[in-house]
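As the structure is a computational prediction, the values presented were derived from the model and not from experiment. Letters A, B, ... mirror the listed sequences (proteins, then strands); counts begin at 1.
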Number of protein chains: 2
Amino acid sequence: MSVGHRRARAAPEINRRDDLLRAAARLFVEKGFAATTTRDIAQAVGMRSGSPFYHFRSKQDLLKAAMIEGLEAGHRRLQAAIAGVDDPERRLRLMIRIHFGNLLEGDCHTPMLIHESRSLDAAARAEIAAASDRYQAAWQGTLDELAACGRLRSAASPVRLLLFGMLNWSGQWYRPDGPLSLDEIADAASELLLR
Amino acid sequence: MSVGHRRARAAPEINRRDDLLRAAARLFVEKGFAATTTRDIAQAVGMRSGSPFYHFRSKQDLLKAAMIEGLEAGHRRLQAAIAGVDDPERRLRLMIRIHFGNLLEGDCHTPMLIHESRSLDAAARAEIAAASDRYQAAWQGTLDELAACGRLRSAASPVRLLLFGMLNWSGQWYRPDGPLSLDEIADAASELLLR
DNA sequence: CCTACCGATCGGTAGG
DNA sequence: CCTACCGATCGGTAGG
């Protein structure tokens with residue numbers, strides 16, 4: 001009973017932690033890690049300047065947590081979307097569309113933060129690399145399958161990297177109120193890849 | 001005569017300015033604009049902390065100058081390489097290879113700094129956007145030409161943006177000592193685009 | 001989670 | 001281009 005009581009009281013604090021993570025991710029994407037102050041993040045969730053350090057040891061820790069939880073949430077979304085999709089072409093098209101969603105929809109555009117891992121120490125960078133590898137491993141199987149049955153435009157080694165470039169760079173130019181929908185962009189990217 | 005004399009004495013100072021620009025570009029690419037201090041830049045060229053401000057009004061001014069001069073140097077390289085190349089497919093292949101060179105060879109990988117223009121005021125951002133548009137305009141003609149004769153995989157609107165994504169994102173993963181040469185990467189990117 | 005604070009660092013300047 | 005310096009800001013902490 002006392003445990004249940006403790007948990008019930010702990011819940012709001014957990015939500016505050018998530019609030020901080022979401023605000024941090026958004027600000028890091030907008031202004032970059034180095035240009036975002038912990039005071040910016042605190043203010044974004046209505047806290048005072050010292051309070052984020054009650055939830056996180058350091059600014060770097062906030063970045064690490066935001067990136068890893070974002071990558072894992074995106075990974076879960078990806079897996080859920082392709083579960084039971086047997087045709088590899090349909091699967092790849094779905095993955096591309098979901099990845100654009102992970103990048104550009106909602107408020108935690110975590111994949112765009114990958115470059116900021118240069119601000120972390122080697123141990124944290126390794127954790128992020130592992131989460132990122134898990135995300136990319138989901139793609140390699142589908143690409144291999146398509147290459148094996150000759151439906152990929154090219155199975156040459158850099159294709160997966162060039163594909164991620166097409167997708168990830170979109171954060172630089174995509175505007176939600178622009179002329180192109182995410183469906184259209186995802187279709188265009190798929191057409192470039194598939195034969 | 002006195003004018004000639006003055007010019008002769010001014011020359012070393014002009015070189016120091018260029019030294020600063022090159023060091024700044026390299027550091028901004030490596031660590032990001034906000035994480036690079038003007039002291040880092042001064043030290044990289046053997047100056048004391050206050051001295052860069054003899055050559056540039058502000059840190060932002062240094063970024064603006066590095067980006068614009070880098071973009072223009074890359075543009076000149078591009079134009080020189082495709083002068084007199086009439087076949088649009090060969091021309092596009094050349095442009096892709098030269099662009100990879102602008103990004104990844106030498107020591108001023110300026111195109112990778114585009115995202116840092118968010119750290120500048122609106123006026124400076126507009127100057128950089130103009131230089132960047134000049135660089136991209138050189139591509140649109142060739143893409144249109146290829147689309148007109150049916151040799152482009154797709155002429156849909158986002159293709160130029162996706163192409164630049166493939167190319168520019170390479171700064172995130174390319175390593176000079178890795179298994180892929182720039183020629184191989186350029187070929188792979190060309191194959192994805194051309195039919 | 002707030003108040004009050006600290007040491008370090010940063011962009012930039014004056015004066016030579 | 002250097003010396004010497006300033007005001008502002010920043011990440012982080014103690015103590016409640």
Asker: Please state how far atom OH in Y54(A) lies from atom P in dG16(D), giving the value in whole angstrom units.
Answerer: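 So the two atoms are 17 Å apart, to the nearest Å.
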Asker: For L20(A) and dC2(C), what is the distance between atoms CG and P respectively, to the nearest whole Å?
Answerer: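 These atoms are roughly 10 Å apart.
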Asker: Using whole Å, what does the distance between atom P of nucleotide dC10(C) and atom CD of Q60(B) come to?
Answerer: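 That distance rounds to 15 Å.
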Asker: Would you kindly give the CZ-to-P distance between F53(B) and dC10(C), to the nearest whole Å?
Answerer: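 It is 12 Å, rounded to the nearest whole Å.
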Asker: For DNA chain C, find the residues of residues 38-51 of chain B with a heavy-atom distance under 4.0 Å and give them by number; none if there aren't any.
Answerer: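 Residues of residues 38-51 of chain B under 4.0 Å from DNA chain C: T38(B), R39(B), G50(B).
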Asker: Could you walk me through whether R93(B) and E191(B) satisfy the salt bridge (Lys or Arg N to Asp or Glu O under 4.0 Å) test, starting with their C-alpha distance in whole Å, then the side-chain angles of each, then the deciding distance to 0.1 Å, before giving a yes or no?
Answerer: CA-CA 9 Å; R93(B) 286 177 181 275; E191(B) 293 305 327; 3.0 Å; yes
Asker: Please give, in whole Å, the distance from dG12(D) P to K59(A) NZ?
Answerer: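 Taking NZ of K59(A) and P of dG12(D), I get 8 Å after rounding.
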Asker: Find the distance L63(B):CG to dG12(C):C1' and express it as a whole number of Å.
Answerer: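 That distance rounds to 17 Å.
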Asker: For T142(A), give me all partners under side chain to side chain donor-acceptor pair (under 3.5 Å), at least two apart in sequence or on another chain.
Answerer: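 Result, side chain to side chain donor-acceptor pair (under 3.5 Å) vs T142(A): R91(A).
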Asker: Quick one: sort the H75(B) and Y135(B) rings into parallel, tilted or perpendicular, breaks at 30° and 60°.
Answerer: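 H75(B) and Y135(B): tilted rings.
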Asker: D61(B) has an atom CG; how far is it from atom P of dT13(C), in whole Å?
Answerer: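 Atom-to-atom, D61(B) to dT13(C), this comes out as 11 Å.
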Asker: Grab the CG-C1' distance between L62(B) and dC10(C) for me, whole Å please.
Answerer: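 L62(B) atom CG is separated from dC10(C) atom C1' by 15 Å.
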Asker: Just to confirm, is there a sub-4.0 Å distance from OP1 or OP2 of dG12(C) to any side-chain nitrogen or oxygen of R57(B)?
Answerer: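 For R57(B), the contact criterion (side-chain N or O under 4.0 Å from OP1 or OP2 of dG12(C)) is not met.
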Asker: Check this for me: R125(A), atom CZ, are more than 12 non-hydrogen atoms of other residues, nucleotides or ligands nearer than 6.0 Å?
Answerer: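 Yes, CZ of R125(A) has more than 12 neighbouring heavy atoms, counting only those of other groups under 6.0 Å.
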Asker: For DNA chain D, list all stems, counting runs of three or more consecutive pairs where every pair is Watson-Crick or G-U wobble with both distances under 3.5 Å.
Answerer: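 Expected stems, ordered by start: C:1-16 with D:1-16.
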Asker: Return the set of residues passing side chain to side chain donor-acceptor pair (under 3.5 Å) with R160(B) (not counting sequence neighbours), or none when no residue passes.
Answerer: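 Partners of R160(B) under the side chain to side chain donor-acceptor pair (under 3.5 Å) test: Q136(B), Q140(B).
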Asker: Salt bridge or not between R151(A) and E145(A)? Use side-chain N to carboxylate O under 4.0 Å.
Answerer: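 Result for this pair is no, no salt bridge flagged.
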Asker: Can a salt bridge be assigned to the pair E72(B) and R77(B) using a cut-off of 4.0 Å between side-chain N and carboxylate O?
Answerer: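 No salt bridge links E72(B) with R77(B).
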Asker: Report the residues that fulfil side chain to side chain donor-acceptor pair (under 3.5 Å) with D121(B), sequence neighbours left out, ordered by chain and then residue number.
Answerer: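 Per chain and number, D121(B) pairs via side chain to side chain donor-acceptor pair (under 3.5 Å) with no residue.
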Asker: Anything under 3.5 Å between a donor and an acceptor, one on a side chain of residues 37-45 of chain B, the other on a protein residue two or more places apart or in another chain? List them.
Answerer:
{"unit_1": "T37(B)", "atom_1": "OG1", "unit_2": "R39(B)", "atom_2": "N", "d": "3.3"}
{"unit_1": "T37(B)", "atom_1": "OG1", "unit_2": "D40(B)", "atom_2": "N", "d": "2.9"}
{"unit_1": "T37(B)", "atom_1": "OG1", "unit_2": "D40(B)", "atom_2": "OD1", "d": "3.3"}
{"unit_1": "T37(B)", "atom_1": "OG1", "unit_2": "D40(B)", "atom_2": "OD2", "d": "3.3"}
{"unit_1": "D40(B)", "atom_1": "OD2", "unit_2": "K31(B)", "atom_2": "NZ", "d": "3.0"}
{"unit_1": "D40(B)", "atom_1": "OD2", "unit_2": "T37(B)", "atom_2": "N", "d": "3.0"}

